[in-house]
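Down below is the structure, laid out as structure tokens.
A note on names: the letters A, B, ... follow the listed sequences, proteins ahead of strands, and every chain is numbered from 1. Please read all numbers here as calculations on a predicted model, not as lab measurements.
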Number of protein chains: 2
Amino acid sequence: MPAPQVAEPVTEPATEPAADPATGRVPQGERTRAMRARLLEACVDVLVERGWAGTSTTVVSQRAGVSRGAQLHHFPSKTDLVVAAVEHLTAVRREELTSAVAALPAEARSTRAVLGLLAELFTGPVFAAALELWVAARSDAALLEVVTPFERHLGRETHRFTVELLGADEEQPGVRELVQATLDLVRGLGLAQTLGDDSARRARILDQWALTLDAALARTDTRTRTGTRTGTDGAAPARPDIHWTDSQETR
Amino acid sequence: MPAPQVAEPVTEPATEPAADPATGRVPQGERTRAMRARLLEACVDVLVERGWAGTSTTVVSQRAGVSRGAQLHHFPSKTDLVVAAVEHLTAVRREELTSAVAALPAEARSTRAVLGLLAELFTGPVFAAALELWVAARSDAALLEVVTPFERHLGRETHRFTVELLGADEEQPGVRELVQATLDLVRGLGLAQTLGDDSARRARILDQWALTLDAALARTDTRTRTGTRTGTDGAAPARPDIHWTDSQETR
DNA sequence: GAACAAACAGTCAAGACTGTCTTTTTGTGG
DNA sequence: CCACAAAAAGACAGTCTTGACTGTTTGTTC
């Protein structure tokens with residue numbers, strides 16, 4: 001029923017291994033690296049487009065423009081491929097996270113902007129791929145064993161980043177839980193996005209949550225610290241009615 | 001890789017059609033009804049246990065203790081089966097929701113208790129089945145068309161119930177968004193649950209969320225209503241350290 | 001440049017899944 | 001009791017997926 005058609009034949013050879021200008025040869029290490037990279041990227045792409053059930057080794061090899069033999073040489077079994085894809089995807093997500101953080105200038109780190117950033121991460125294609133893996137791992141013990149540790153590490157990393165971006169003080173009781181709640185919220189928003197464009201509703205929710213979160217953080221803040229708040233916006237919420245529309249990538 | 005083994009042969013004939021004690025016959029209408037019910041329940045069960053990819057028509061019929069021919073008689077194609085399963089699952093979720101609401105006595109409707117109720121719904125097996133459908137629908141246009149309207153209706157219903165249980169006043173600006181955020185939060189928590197037992201962390205998050213939500217609802221309340229209680233629980237939150245452990249069904 | 005190993009290509013067999021078809025059983029109406 | 005239709009059972013064909021297998025090309029090393 002998912003109309004298992006044949007993939008479009010190799011849209012992008014893309015990662016062409018750099019040949020030595022003198023000999024015209026491509027070193028083995030480079031060839032291996034390029035080939036594996038193409039396969040893994042293709043695997044993630046297919047995961048996003050066709051979902052877990054639609055991700056067969058055949059489709060991946062076709063998508064990567066790689067012969068089945070070559071694929072089986074680098075990844076002897078489908079398990080090997082998937083495990084490597086999980087690692088690769090984790091790396092991609094980590095990179096996406098850090099680059100997004102870097103792209104957000106220090107002076108623009110309002111709570112709303114940070115929420116928009118997170119929402120963008122959790123509604124993008126990379127999240128979709130991760131979602132497919134989570135759900136698949138739910139009923140596949142072997143996959144679960146691979147996914148879980150990676151997810152744990154990345155989750156903690158995301159948490160740390162969020163704390164830093166929000167300028168939250170985790171020493172304060174309840175702050176840690178609020179940050180976790182925020183991340184679970186955007187996870188839920190990411191899930192809602194899978195059923196259709198949800199950007200308008202999401203923007204309104206994030207607007208309100210930013211206000212609420214600011215109020216809550218300020219409250220737990222002033223309770224034990226000095227009354228001056230280091231963050232940009234204090235108790236009085238800045239920009240009350242601005243709808244900070246996060247850029248919505250079309251899928 | 002999900003080890004596509006043969007299902008355990010018919011654990012439960014369960015829904016046996018009531019035979020007429022006189023003739024010993026079972027009327028056609030009853031047979032049809034019972035057969036379809038068994039198939040749909042089995043379909044949901046398999047969805048929970050094996051995930052979308054592992055839900056083949058063969059497995060479902062085996063699980064239901066129904067011959068493949070009988071199955072194909074009632075549901076000519078897999079699409080027919082799945083569509084019916086989506087409707088069935090929606091009905092089950094609606095029933096689960098209403099009965100859960102009914103089971104919560106009016107005097108026990110603290111914010112925390114309501115959150116616990118929602119979390120229970122969104123971490124149970126029925127949510128798991130729905131999750132499988134959402135994710136599968138993401139990359140299956142036909143399925144998406146079926147799932148979306150049902151999901152929209154049930155989502156609104158859930159929203160209404162939540163508003164009622166929380167005693168929130170949606171006329172107040174921001175309240176609607178906070179309720180939506182709450183539902184998206186539990187969705188995210190449900191997602192986190194799929195990767196392993198998350199009940200302890202969830203309990204802490206919900207504790208804090210209840211406090212924050214109470215404060216926020218009260219605040220938006222007092223802002224436009226009578227001016228009593230400005231920042232009530234700012235200093236001393238009610239029930240500071242009670243961990244309201246939601247009953248965690250083992251999966 | 002010759003020998004060796006890695007990389008790459010493509011075919012094949014076994015099994016699983018869906019959906020069609022034929023046959024048998026069971027209930028219903030006359 | 002009989003004729004007919006619905007229900008149930010099971011065999012079968014076609015397609016798809018996985019992984020094993022054989023053969024060819026390319027890089028490396030002595």
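Evaluation of the ring-ring contact (aromatic ring centres under 6.0 Å, His included) rule for Phe127(A) yields Phe122(A), Trp134(A) as partners, not counting sequence neighbours. Residues that satisfy the side-chain contact (heavy atoms from CB on, under 4.5 Å) test with Ala141(B), not counting sequence neighbours, are absent from this structure. Partners of Thr55(B) by side-chain hydrogen bond (donor to acceptor under 3.5 Å, both in side chains), not counting sequence neighbours: none found. Thr58(A) meets the side-chain hydrogen bond (donor to acceptor under 3.5 Å, both in side chains) test with no other residue; sequence neighbours excluded.
Listed candidates were dT18(C), dA7(D), dA8(D). Nearest to the side chain of Lys78(B) is dT18(C). Considering only the side chain of Ser77(A), dG19(D) comes nearest among dT17(D), dC8(C), dG19(D). Taking only side-chain atoms of Ser67(B), from C-beta outward, the nucleotide of dA7(C), dG10(D), dT17(D) with the closest atom is dG10(D). Checked against dT18(D), dA6(D), dG19(C), the side chain of Thr57(A) finds its nearest nucleotide in dT18(D).
Whole-Å rounding puts the Arg38(A) CZ to dA7(C) C1' distance at 13 Å. Atom CD of Gln62(B) and atom P of dA9(D) are 13 Å apart (whole Å). Rounded to a whole Å, the NE2 atom of His74(B) is 19 Å from the P atom of dA5(D). Atom CZ in Arg33(B) sits about 14 Å away from atom P in dA7(D), given to the nearest Å. Across the protein-nucleic acid pair, Gln71(B) atom CD and dA9(D) atom P stand 11 Å apart, rounded to whole Å. In this entry the distance linking NE2 of His73(A) with C1' of dG27(D) reads 12 Å, nearest Å. Here dT18(D) presents its P atom at 15 Å from CZ of Phe75(A), a figure rounded to the nearest Å. Atom pair Trp52(B):CH2 and dC17(C):C1' shows a separation of 13 Å (rounding to whole Å applied).
Contact check for Leu39(A) versus Gln71(A): side-chain heavy atoms found under the 4.5 Å cut-off.
Regarding contacts with the backbone of dA7(C), a side-chain N or O of Thr32(A) is found under 4.0 angstrom from either OP1 or OP2.
The closest donor-acceptor contact from the side chain of Asp80(B) to the backbone of Ser77(B) lies under 3.5 Å.
Contacts of Ser56(A) with the nucleic acid, taken as non-hydrogen atoms under 4.0 Å apart, involve only primed sugar atoms and P, OP1 or OP2.
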Can you give me the N/O atom pairs linking the protein to nucleotides 20-25 of chain D at distances under 3.5 Å, or say none if there are none?
none

What side-chain donor-acceptor pairs closer than 3.5 Å can you find for residues 85-94 of chain A, not counting sequence neighbours?
from: Thr90(A); atom 1: OG1; to: Val86(A); atom 2: O; distance (Å): 2.7
from: Arg93(A); atom 1: NH2; to: Glu151(A); atom 2: OE1; distance (Å): 2.7
from: Arg93(A); atom 1: NH2; to: Glu151(A); atom 2: OE2; distance (Å): 2.7
from: Arg94(A); atom 1: NE; to: Glu157(A); atom 2: OE1; distance (Å): 3.0
from: Arg94(A); atom 1: NE; to: Glu157(A); atom 2: OE2; distance (Å): 3.0
from: Arg94(A); atom 1: NH2; to: Glu157(A); atom 2: OE1; distance (Å): 3.0

